[in-house]
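Let me begin by handing over the structure; questions about it come next.
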Amino acid sequence: MSTLLRTQGLTLAFGGLIVANKIDFELSEGERLAVIGQNGAGKTTFINICTGLLRPDAGRVEFDSADITGLSPRHIVRRGMARSFQLPQLFLDHTVRQCLELAGMAREKRLPFWRSLSFTSDRREVDRVLELVSLTGRQHEPAANLPEGQRKLLDVAMSLMLAPRLLIMDEPTSGVSTEEKHGVMEIVMGALEERKVTAIFVEHDVDIVKRYATRVAAWIAGAIAADGKPEVVLADVNVRREVLGE
Amino acid sequence: MRPSLIGAAIAAAILLAVGFGFPWLKIPLILAFCYGMAALGIGVLLRAGQISFGHAMYACISGYTVAFLGSRFPGLDGLLLIVLGTAASIVAGMLIGAFVVRYREIFFGMLNLALSMVLFTILGKFYAYTGGTDGLRVNRPTLLGMDLSRPEFEGALLVLAILASLAVIWAVQRYFRSSAGQALAAIKTNETRLEYLGVSARKLLWQGYVLSAALCGLSGSLFGLSQGLVTPEMGYWLRSGEFVFIAILGGSGHAVGAFVGALLYEFLKMYAAALVSGAWQLVLGATLIVIIYFLPKGLVGLFSRRRSAVEGQP
């Protein structure tokens, strides 16, 4: 499998606090990487650097063999690296369907002034993605009506409309009740499988990590402390003490 | 589409009948349509969650362009003057827009205000070119090659204003429903997400800004022609404030809102001034409070609420 994302010596400090400490990292196509770590360990910072929201002090980020260090999120997204958020970022005044239609138009990089959104967008693709995340029944409701679990799904679905090669999800199950968590992950992972999307997801729930990840990376103090197969990383003494708090 | 078309035809016919039945109402009606166009320009920005307290400058730019070209080249037709005046506002909107779309909310609003006051001051000071605070006279041009008397000219302008307003409502409403228009509305709710869809919010807002400048420009050239005079007051911040007032009164949910708001505003002002001459502003202020409190989506909110009850869709 070819390398999709690679970082070399990624370093970033906020004042005296080092949030990324010379991170060397590689991700191959088809992987499902779970990122674990305590709050403040630098997981989201790493994502923010990769997706262009933060500029590193040093080091570089490569996506699909091209240097994307310092590019804006907008340009990185266009290259095929999409992202979903811990707090779902939706267009709350728009309907669920319109959110997906807008994402679909964004992918085609054209936003015509004249023809109506619902006519120009790829209707069948929108229907398929709605089906994929089980939101068909609520497609005409404003996104603001959705409960948190479905907001997470819509957030992921908007990224899927972009047909990304890599999707980075920041805590896809946070804020979702324990009963619903597995349902949400089941749907998300099924969708990623069908679309052949490589994924990174930040996750705190060990059960979910065990069940859905093909690889785990544990963050401690701005660096990757352990990286490998889930059973190996989750059994690591250091990870058990520092990350899982056992 | 059909019912709205019939509604538009009926409304236009009624307003025309009123204008020609009571000739003294022609000018107030023309002014209401001018205000409506400018308020619609503000409405475009409101959809993106932005507000401008300086958009009267685009009406002013257009009005002065009409006055200047009209006196410099006396043969120019009125319609051509309107087009040229609007074009001047569009060009100005493109340039100023490129700068102001980097800002949001109060900064966006105040920057527009500041720029409009710069223009206001320049117009007031450069007496030799602008006529200073006295302004410039707008000579009555021909319309479609016809040399009209003052009353005929006013009648023709009213017809023109109504037709232009209908065209503008239709076109802007199409824009609101288009991909670009829907994405513009997304700036209001979530700019971060737009960025993470690979869309430039600045570019979208710039497009909306240029459209709003064009609408204010069209308004300004019609205003100048109907008044026969342009003064720096056209670009004063109070005028910009009136546009915002009307836009909120009418609501930005549908393009027709601005015009409903403008007609109400113009007639409210007229009758309030006649009935409680010393305190007409009080009536306007009270009206706005009532609207904001009971109809936060403006007067068009009345229609959309009813429609949602009928179709079961928001």
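Chain identifiers are assigned alphabetically (A, B, ...) following the order of the sequence lines, protein sequences preceding nucleic acid strands; residue numbering begins at 1 within each chain. Worth saying up front: this structure is predicted, and the values here are computed from it rather than measured.
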Highest number of heavy-atom pairs under 4.5 Å with chain B among A/H94, A/M105, A/R78 belongs to A/H94
Minimal non-hydrogen separation, B/R174 against A/R115, with atom names: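 Closest pair (atom of B/R174, atom of A/R115, distance): NH2-CA, 4.2 Å.
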Checking A/M158 against chain B: side chain, backbone, both or neither under 4.5 Å from a heavy atom? both
Looking at A/P112, A/A103, A/S72, which makes the most heavy-atom pairs under 4.5 Å with chain B?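 Between A/P112, A/A103, A/S72, the count favours A/P112.
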Got a second to check how far B/E191's CD is from A/F91's CZ, nearest 0.5 Å? 10.0 Å
Is A/Q89 close to B/Y196 at the side-chain level, that is, under 4.5 Å between some pair of heavy atoms? no
Measure distances from A/L53 to the heavy atoms of chain B and classify the residue's part below 4.5 Å as side chain, backbone, both or neither. both
Shortest non-hydrogen contact from A/S159 to B/R193?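 Closest approach of A/S159 to B/R193: OG-NH1, 3.6 Å.
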From A/R74 CZ over to B/L194 CG, what is the distance, rounded to the nearest 0.5 angstrom?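 These two atoms lie 10.5 Å from each other.
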Count the heavy atoms of every other residue, nucleotide or ligand shown that sit under 6.0 Å from CD of A/E26, and state whether that count exceeds 12. yes
Among B/L211, B/N190, B/V199, residue most engaged with chain A (heavy-atom pairs, under 4.5 Å):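 If we count pairs closer than 4.5 Å to chain A, B/N190 comes out on top.
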Contact class of B/L204 relative to chain A, heavy atoms under 4.5 angstrom: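 B/L204 touches chain A through side-chain heavy atoms alone.
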Highest number of heavy-atom pairs under 4.5 Å with chain B among A/T120, A/L111, A/L162 belongs to A/L111
Could you work out, with ring pair (Phe, Tyr, Trp, His ring centres under 6.0 Å) as the rule, every residue matching B/F245, not counting sequence neighbours? B/Y265
Would you say the side chain of B/T192 lies within less than 4.5 Å of the side chain of A/F85, judging by non-hydrogen atoms?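 Side chain of A/F85 against side chain of B/T192, heavy atoms only: contact under 4.5 Å found.
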Check: A/V77 and B/E195 side chains under 4.5 Å, non-hydrogen atoms: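 Heavy-atom side-chain distance check fails, nothing below 4.5 Å.
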For the CZ atom on A/F14, are there more than 12 heavy atoms of other groups (residues, nucleotides or ligands in this structure) within a distance under 6.0 Å? yes
Search all heavy atoms of A/L102 against all heavy atoms of B/A183 and return the closest pair with its distance.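 Heavy atoms of A/L102 and B/A183 come nearest at CD2-N, 3.7 Å.
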Quick one: what part of A/S121 sits under 4.5 Å from any heavy atom of chain B, side chain, backbone, both or neither?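 For A/S121, no heavy atom lies under 4.5 Å from chain B.
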